[in-house]
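Report on the structure given below.
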Amino acid sequence: MTVRIGVVVFPGSNRDIDAVNALHVAGAEPVVLWHDEVDLAGVAGVLLPGGFAYGDYLRAGVIARFSPVMRAVAGFAANGGHVLGICNGFQVLTEAHLLPGALLRNRGLRFVSREVSIAAERLDTPFTDRLGERRALRMPVAHGEGCYYADEATLDELEANGQVLFRYVHPDGTRAGGEDDRANPNGSLRAIAGVMNAAGNVGGLMPHPETAVEAVLGSDDGLGIIASFVANAAARQAAGAPVVVGAR
Amino acid sequence: MTTTDFRFAVNVSPKSGILDPQGRAVEGSLGHLGIEGVTAVRVGRRIELTVAAADEAAARAVVERLAGELLSNPLIEAYAIELLGAASSTRSEVPA
């Protein structure tokens, strides 16, 4: 049986079709979940795609946080359900306090839309364990607010707990520097491109692995991330994880 | 119960120590205007709203909650609440 993965669509989401395509490529069955849904239709995992949910008014991701579907997603995550946020989805997860830190305006102030390289910090997480080896992964970024920020104590804690999932790197795999280094597209602190929660079931990143899943798209380096997420969500469901039906 | 309309402003600004690229860009442009001696520019946002409540304390409690949960992200932003004025409302609830 193919694993069913929810793709949440907010008004203003625009990478949902890419997410649906990536899930197909990874062998999963995407289930589109509208923002006013109160239950998650028994999916094994939830993907929050990129875009500009609710126009990104006030702060990117904050209005989406209060939507009915996010209440269900929060309940799902609290029960150990696997959730992956990409770009705007990552911003939504930080605003919802499901992931630590915040995404600030890019240090260069410009919207950045180009290819970057990232590398996984660890290969033993539910978001990276199908990558096989640590190497630079090429995929696009497209965002105006992607500068990862947390205070120094939180950053130290994230490093100590192994919660840093991805960092921006140079094409040769060496870690990107600060805002003056083009390899760090938004000036993220410690070149952090993605993090996960302490429990390891919720992860997010600013770059777009879902648009780098087939050679015809210019890169298929993102497929390992999507495949890791799908495989681990499937394994959790196969192990008899409870099906969450809304958190109202 | 008769309510009063309280008009508030919530001023949200980046916490001190948090990088503010917008403030830095504004500061960087000052030289083009021939202005000197202006430093520490911070760019925030101001939200004005009206709350109908029995008294100011009740209205303030609503604004506090809004400011902390929605209008600002406490991780990166600080807020200050300012009462702009109050006007007795014609609104009154008919007893059941």
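Here is the naming used below: chain letters follow the sequence lines, and residue numbers restart at 1 for every chain.
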Between Asn73(B), Ile76(B), Asp20(B), which has the largest tally of heavy atom pairs under 4.5 Å with chain A?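 Winner by heavy-atom pair count: Asn73(B).
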- Query: chain A: which of Ile47(B), Val12(B), Leu75(B) shares the most heavy-atom pairs with it under 4.5 Å?
  - Reply: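 The option with the most such pairs is Leu75(B).
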Does [X] [atom1] have over 12 foreign heavy atoms under 6.0 Å away?
{"X": "Phe111(A)", "atom1": "CZ", "result": "yes"}
{"X": "Arg46(B)", "atom1": "CZ", "result": "yes"}
{"X": "Arg45(B)", "atom1": "CZ", "result": "yes"}

Report the option among Leu104(A), Ile63(A), Val62(A), Leu109(A) that has the most heavy-atom pairs separated by less than 4.5 Å from atoms of chain B.
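Winner by heavy-atom pair count: Leu109(A).
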inquiry  = Distance check, rounded to the nearest 0.5 Å: Arg24(B) atom CZ versus Arg105(A) atom CZ?
reply    =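 One finds 12.5 Å between CZ of Arg24(B) and CZ of Arg105(A).
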**Request:** Please state whether the side chain, the backbone, both or neither of Leu58(A) comes within less than 4.5 Å of a heavy atom of chain B.
**Result:**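 Interface part for Leu58(A): both.
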Please classify the contact of Asp151(A) with chain B as side chain, backbone, both or neither, using a heavy-atom distance under 4.5 Å.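 No part of it gets close to chain B.
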| query | Measuring heavy-atom distances to chain A, does Glu77(B) have an atom under 4.5 Å in its side chain, in its backbone, in both, or in neither? | reply |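 For Glu77(B), the contact with chain A is made by the side chain alone.
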Inset, instruction - For residues Leu71(B) and Arg59(A), report the shortest heavy-atom separation together with the two atoms involved. - result: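 Between these two residues, the closest heavy atoms are O-NH1, 3.0 Å.
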>> Between Leu70(B) and Phe66(A), does the side chain to side chain contact (heavy atoms under 4.5 Å, CB included) criterion hold? Intermediate values first, please.
In response: CA-CA 9 Å; Leu70(B) 173 65; Phe66(A) 296 101; 3.5 Å; yes
